[in-house]
Engineer: 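Sharing a structure here in structure tokens format.
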Protein chains: 2
Amino acid sequence: MFMARAKPSKELRASILDEARQTLVAEGYRALSMRRIARAVGCTATSIYLHFRDKDDLLHALIHEGLERLHEQLLASVDGIEDPLRRCQRLCRSYLEFALENREYYEVIFSLHPEHMKRYPQALYRRARENLEYFADALAAAAGRAGDRRDEDILHAHVIWAQLHGAVSLHLDERLDFRIDVLAFLDAAVANALCAVPHPDEQE
Amino acid sequence: MFMARAKPSKELRASILDEARQTLVAEGYRALSMRRIARAVGCTATSIYLHFRDKDDLLHALIHEGLERLHEQLLASVDGIEDPLRRCQRLCRSYLEFALENREYYEVIFSLHPEHMKRYPQALYRRARENLEYFADALAAAAGRAGDRRDEDILHAHVIWAQLHGAVSLHLDERLDFRIDVLAFLDAAVANALCAVPHPDEQE
DNA sequence: TTCTCTGACTTAACAGTGTAAACTTAACGC
DNA sequence: GCGTTAAGTTTACACTGTTAAGTCAGAGAA
């Protein structure tokens with residue numbers, strides 16, 4: 001019979017990805033199973049393997065999407081802002097926002113580690129690296145070395161990222177003491193993350 | 001027949017726990033399955049349920065152990081040290097050490113989140129809370145308020161924890177850029193974590 | 001038209017998971 | 001010896017990711 005479900009190939013792939021994203025966002029990573037996606041999209045579980053090597057591959061497609069969105073959001077957040085310190089603050093805020101507003105995405109991107117990650121080299125995380133370099137640029141500028149990004153800036157960017165990621169993770173995993181006010185905590189985390197970034201009037 | 005495997009009850013429970021810990025440390029959380037533990041310990045998978053409500057319960061027993069060890073290690077690390085800032089530094093170092101030397105433990109304790117965590121209220125994480133309060137005490141002392149721990153100290157301790165946890169997580173999950181030197185990164189993370197802790201000679 | 005081939009998809013199956021219910025069996029008190 | 005109880009086992013269910021083999025429509029060539 002003629003397929004009432006999804007037209008050939010490319011469209012099925014897109015449907016699978018759509019459905020996966022949707023249930024990921026709605027019900028979290030744990031609810032994502034091949035059979036479930038297949039059921040929702042109207043094909044069998046094994047058909048998915050015609051379009052994705054395995055579950056990790058599918059997951060990586062979602063991760064890729066998520067990283068892309070995060071990247072755009074970060075870029076947008078500092079659009080038109082000149083002051084380097086303010087740029088750093090905006091980037092931090094924007095990162096936190098992304099994590100809080102897309103927590104399931106965030107978990108898949110930064111907390112989950114796919115079983116066979118080796119197979120997907122850092123190529124997929126190009127965007128993540130670019131984000132860090134972008135941040136490092138702002139740090140170089142804040143240090144009065146605009147355009148001259150050094151290794152120390154990359155390192156510094158990683159440290160700041162670690163602070164943000166740690167704060168987000170503790171919050172999302174509900175590991176914070178119940179007495180802690182989350183917003184105050186995140187504010188403090190950003191402040192602490194940027195504590196080594198010089199203010200505009202105190203560049204060396 | 002007379003059991004050649006493990007004597008009644010309590011000893012089986014202990015064996016299960018031993019085996020679980022061992023394969024956790026040796027092969028990581030993903031290798032931990034009820035049937036596998038059972039096989040190694042010489043009973044059936046369902047027997048485990050006589051001693052632990054479910055897999056999460058077993059996991060929580062391990063988490064409890066791990067937290068206990070971390071707690072002791074932290075206490076030991078500052079034994080005999082007076083200077084508050086140095087105490088903070090030691091605590092940070094000790095935390096990192098624990099994470100690096102017991103990475104599988106660390107993951108289970110702080111990164112994994114058991115499916116039904118709700119059922120195990122923060123009681124189990126008492127030690128974690130105590131650790132933070134302990135740290136907060138050092139912070140209060142560093143601020144020249146020894147013995148007068150305030151909410152801001154607890155908050156500050158959480159922020160520092162977030163920095164350390166973030167750094168450790170990024171490293172353990174191999175998310176750091178390949179150009180980053182891990183030890184330098186961890187050093188920088190500690191430095192950044194403690195950037196708001198006043199030096200001995202500049203107490204307010 | 002018929003034949004073959006190809007690509008997309010399905011069916012059936014494997015080996016594994018956590019877990020509940022029902023069954024067995026050894027030990028103990030009476 | 002009897003009944004009870006606790007400790008373990010067997011069996012089964014409903015899942016999981018994944019592979020190998022089978023189906024079957026459509027295109028191109030003879």
Side-chain angles (χ1 to χ4, degrees), chain A residues 1-21 23-24 27-63 107-108 112-120, chain B residues 1-20 23-24 27-63 108 112-120:
Chain A
M1 279 277 89
F2 61 115
M3 59 233 90
R5 347 200 95 171
K7 291 182 233 120
S9 206
K10 283 229 160 169
E11 314 207 9
L12 179 55
R13 189 193 143 98
S15 305
I16 291 170
L17 215 45
D18 284 352
E19 186 54 42
R21 178 178 38 250
T23 71
L24 170 70
E27 312 199 32
Y29 154 74
R30 282 166 208 75
L32 261 192
S33 91
M34 299 304 251
R35 284 177 171 81
R36 177 178 173 153
I37 296 170
R39 210 180 309 130
V41 95
C43 68
T44 61
T46 52
S47 311
I48 301 181
Y49 289 84
L50 301 172
H51 303 277
F52 300 91
R53 175 158 37 183
D54 52 24
K55 194 183 182 185
D56 277 354
D57 194 28
L58 174 53
L59 236 35
H60 270 278
L62 292 178
I63 290 175
E107 276 188 6
V108 168
L112 193 70
H113 69 254
E115 215 68 20
H116 314 94
M117 198 140 82
K118 330 265 170 182
R119 281 223 304 270
Y120 304 81
Chain B
M1 281 274 88
F2 59 116
M3 62 234 88
R5 348 200 94 173
K7 287 179 238 125
S9 205
K10 284 232 162 170
E11 314 207 7
L12 180 54
R13 190 194 142 96
S15 305
I16 291 170
L17 215 44
D18 284 351
E19 185 56 39
T23 72
L24 170 71
E27 312 201 31
Y29 154 74
R30 282 164 208 77
L32 261 192
S33 92
M34 300 303 253
R35 284 177 172 83
R36 177 178 174 151
I37 297 169
R39 210 180 311 132
V41 94
C43 68
T44 60
T46 52
S47 311
I48 300 180
Y49 289 83
L50 301 172
H51 303 277
F52 300 91
R53 173 158 40 181
D54 52 23
K55 194 183 181 185
D56 277 354
D57 194 28
L58 173 53
L59 237 33
H60 271 277
L62 292 177
I63 289 175
V108 169
L112 194 71
H113 69 254
E115 216 67 19
H116 315 94
M117 198 141 83
K118 330 266 169 181
R119 282 222 303 268
Y120 304 82

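A note on names: the letters A, B, ... follow the listed sequences, proteins ahead of strands, and every chain is numbered from 1. As the structure is a computational prediction, the values presented were derived from the model and not from experiment. The figures that follow rest on heavy atoms only: side chains count, while hydrogens, waters and symmetry mates do not.
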Engineer: I want to verify a distance call: between C:dT10, C:dC9, D:dT18, whose nearest atom is closest to the A:T44 side chain?
Structural biologist: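 Minimum distance to the A:T44 side chain belongs to C:dT10.
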Engineer: Residues from residues 32-40 of chain A sitting under 4.0 Å of DNA chain D, heavy atoms only?
Structural biologist: A:L32, A:S33, A:M34, A:R35
Engineer: Determine all donor-acceptor pairs shorter than 3.5 Å in which one atom belongs to a side chain in residues 27-41 of chain A; sequence neighbours excluded.
Structural biologist:
unit_1, atom_1, unit_2, atom_2, d
A:E27, OE2, A:R36, NH2, 2.5
A:R30, NH2, B:H113, NE2, 3.0
A:S33, OG, A:R36, N, 3.1

Engineer: Take the C1' atoms of the five end pairs on each side of the helix from C:dT1-D:dA30 to C:dC30-D:dG1, derive the two axes, and give their angle rounded to 10 degrees.
Structural biologist: 30°
Engineer: Does a side-chain N or O from B:H51 land closer than 4.0 Å to OP1 or OP2 of D:dA7, or not?
Structural biologist: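 For D:dA7, OP1/OP2 do not have a side-chain N/O of B:H51 under 4.0 Å.
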Engineer: Let's see if you can work this out: which of D:dT18, D:dG8, C:dT10 has an atom nearest to the side-chain heavy atoms of A:L50?
Structural biologist: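 The nucleotide sitting nearest to the side chain is C:dT10.
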Engineer: Could you list the residues that satisfy side-chain hydrogen bond (donor to acceptor under 3.5 Å, both in side chains) with A:R21, not counting sequence neighbours?
Structural biologist: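 A:R21 satisfies side-chain hydrogen bond (donor to acceptor under 3.5 Å, both in side chains) with A:D18, A:E65 only.
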Engineer: Going by modelled atom types, is there a donor-acceptor pair between the base of D:dT10 and the side chain of B:T46 at under 3.5 Å?
Structural biologist: yes
Engineer: Taking only the side-chain nitrogens and oxygens of B:S47, find out if one of them lies under 4.0 Å from OP1 or OP2 of D:dG8.
Structural biologist: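 Looking at the OP1 and OP2 atoms of D:dG8, neither is under 4.0 Å from any side-chain N or O of B:S47.
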Engineer: Between C:dG18 atom P and B:I48 atom CD1, what is the distance in whole Å?
Structural biologist: 9 Å
Engineer: Rounding to a whole Å, what distance do you find between B:E11:CD and D:dG8:P?
Structural biologist: 10 Å
Engineer: Could you tell me the separation between the CZ atom of A:R13 and the P atom of C:dA8, rounded to a whole number of Å?
Structural biologist: 13 Å
Engineer: Taking CZ from A:F52 and C1' from C:dC9, how many angstroms apart are they, rounded to a whole number?
Structural biologist: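 The distance from CZ of A:F52 to C1' of C:dC9 comes to 16 Å, rounded to the nearest Å.
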Engineer: In whole angstrom, what separates A:L12's CG from C:dA8's C1'?
Structural biologist: 9 Å
Engineer: Please enumerate all residues that pass side-chain hydrogen bond (donor to acceptor under 3.5 Å, both in side chains) together with A:S47, with sequence neighbours excluded.
Structural biologist: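 By the side-chain hydrogen bond (donor to acceptor under 3.5 Å, both in side chains) rule, A:S47 matches A:T44.
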Engineer: Look at the side chain of A:K55 and decide which nucleotide, out of C:dG18, C:dT10, D:dG17, has an atom nearest to it.
Structural biologist: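 In terms of side-chain proximity for A:K55, the closest of C:dG18, C:dT10, D:dG17 is D:dG17.
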Engineer: Tell me: OH of A:Y29 to P of D:dT16, nearest whole Å?
Structural biologist: 12 Å
